[in-house]
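Structure first, commentary second.
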Amino acid sequence: MMIRNVAATTLLTAAVFGALPGAGAVAAPALAAAEECGVRSDGRLWCGNTPNITLSYDASYQTAETGVLTSGFSWFQCWVEGGPHAGGNSIWYLAAGDKAISPYRGWGFLPAVHVATAHDPAPGLRECTLADYNLIGP
């Protein structure tokens with residue numbers, strides 16, 4: 001039984017990392033999506049991000065939690081300058097969370113350190129306006 005479990009684990013590991021013939025064909029689209037980071041024709045930034053990250057009411061760690069971004073690849077509406085964070089800058093991105101924290105709608109800000117951008121703010125993404133803040137609620 002132990003040998004069968006080791007063999008199954010080895011096969012699964014090989015498939016996940018593309019060491020089996022044909023495994024790369026399955027993994028390639030997911031890898032390409034995760035590596036993409038840029039502003040699309042809809043004006044939004046589509047980019048990899050830290051999953052299960054809490055969103056904030058304002059661009060600061062000292063504000064209410066408004067939602068949770070559970071996915072590891074998301075779109076971002078706009079950016080603002082806010083409080084400094086571990087990314088070495090003060091850029092925060094507005095996102096629609098996958099889960100809302102009552103009484104908010106799930107929209108909120110996350111620091112750029114949690115978004116896989118090469119430069120902050122992301123080139124081509126617009127700065128947030130008052131209308132964007134209104135999305136947060138309540």
Side-chain angles (χ1 to χ4, degrees):
M1 184 68 149
M2 179 74 146
I3 294 172
R4 191 174 352 159
N5 287 344
V6 170
T9 302
T10 302
L11 285 173
L12 179 60
T13 302
V16 168
F17 291 101
L20 290 177
V26 175
L31 184 59
E35 290 178 349
E36 175 191 358
C37 187
V39 177
R40 293 186 183 173
S41 60
D42 61 3
R44 296 173 175 161
L45 171 65
W46 291 80
C47 199
N49 58 270
T50 304
N52 299 312
I53 190 79
T54 303
L55 302 175
S56 300
Y57 182 78
D58 203 358
S60 165
Y61 289 114
Q62 287 78 38
T63 61
E65 296 178 348
T66 58
V68 179
L69 194 57
T70 60
S71 62
F73 186 81
S74 307
W75 58 266
F76 302 90
Q77 180 90 355
C78 55
W79 64 272
V80 297
E81 283 196 51
H85 55 75
N89 62 48
S90 58
I91 302 299
W92 292 61
Y93 292 100
L94 180 64
D98 301 305
K99 295 180 184 176
I101 296 175
S102 184
Y104 301 99
R105 300 180 190 134
W107 285 81
F109 292 96
L110 74 158
V113 67
H114 293 292
V115 182
T117 50
H119 303 284
D120 296 306
L125 185 65
R126 65 182 179 79
E127 192 168 356
C128 296
T129 65
L130 180 58
D132 297 306
Y133 277 88
N134 290 336
L135 295 169
I136 299 169

- Query: Where do Leu94 and Trp107 land on the side-chain contact (heavy atoms from CB on, under 4.5 Å) test, with the steps shown first?
  - Reply: CA-CA 7 Å; Leu94 180 64; Trp107 285 81; 3.9 Å; yes
Considering all heavy atoms of both residues, which atom of [X] and which atom of [Y] are nearest to each other, and what is their separation?
X      : Y      : result
Glu36  : Phe73  : O-CE1, 3.4 Å
Cys37  : Ala116 : SG-O, 3.4 Å
Tyr57  : Gly137 : CE1-O, 3.2 Å
Arg105 : Ala100 : C-CB, 3.6 Å
Pro103 : Pro138 : O-CB, 3.4 Å

Going from CG on Asn89 to OG1 on Thr117, what distance comes out if it is rounded to the nearest 0.5 angstrom?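 The CG atom of Asn89 sits 8.0 Å away from the OG1 atom of Thr117.
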* Calculate, to the nearest 0.5 Å, the distance between atoms OG1 and CG belonging to Thr129 and Asp132 respectively. =>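 Answer rounded to 0.5 Å: 4.0 Å.
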Just by distance, no angles: are the side chains of Thr70 and Asp98 close enough, under 3.5 Å, to form a donor-acceptor pair?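 Yes, a side-chain donor-acceptor pair sits under 3.5 Å.
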Salt bridge (Lys or Arg N to Asp or Glu O under 4.0 Å) against Asp120, all qualifying residues, sequence neighbours excluded: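 Applying salt bridge (Lys or Arg N to Asp or Glu O under 4.0 Å) to Asp120 gives none.
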List, by chain and number, the other hydrophobic cluster members for Tyr93, where Ile, Leu, Val, Met, Phe, Trp and Tyr join if side-chain heavy atoms come within less than 4.5 Å, directly or indirectly.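 Members alongside Tyr93: Val39, Leu45, Ile53, Leu55, Leu69, Phe76, Trp79, Ile91, Leu110, Val115, Leu125.
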Review point. How is the hydrophobic cluster of Val68 composed, in terms of its other members, when Ile, Leu, Val, Met, Phe, Trp and Tyr link through side-chain heavy atoms under 4.5 Å apart, directly or indirectly?
Key: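 Other cluster members: Ile101.
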query = What pairs of residues pass the disulfide (SG to SG under 2.5 Å) test when at least one of them lies in residues 72-138, not counting sequence neighbours?
reply =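 Listed by first then second residue: Cys78-Cys128.
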Query raised in the report: Taking only residues at least two apart or on different chains, which pairs with a member in residues 114-138 satisfy ring-ring contact (aromatic ring centres under 6.0 Å, His included)?
Result: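 For residues 114-138: Phe109-Tyr133.
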Whether over 12 other heavy atoms sit under 6.0 Å from Tyr104 OH: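 Yes, enclosed.
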- Query: Just by modelled atom types, is the Ser60 backbone N or O under 3.5 Å from a matching donor or acceptor in the Trp92 side chain?
  - Reply: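 Absent.
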Please identify each residue that fulfils side chain to side chain donor-acceptor pair (under 3.5 Å) with Thr54, with sequence neighbours left out.
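Side chain to side chain donor-acceptor pair (under 3.5 Å) list for Thr54, sorted by chain: empty.
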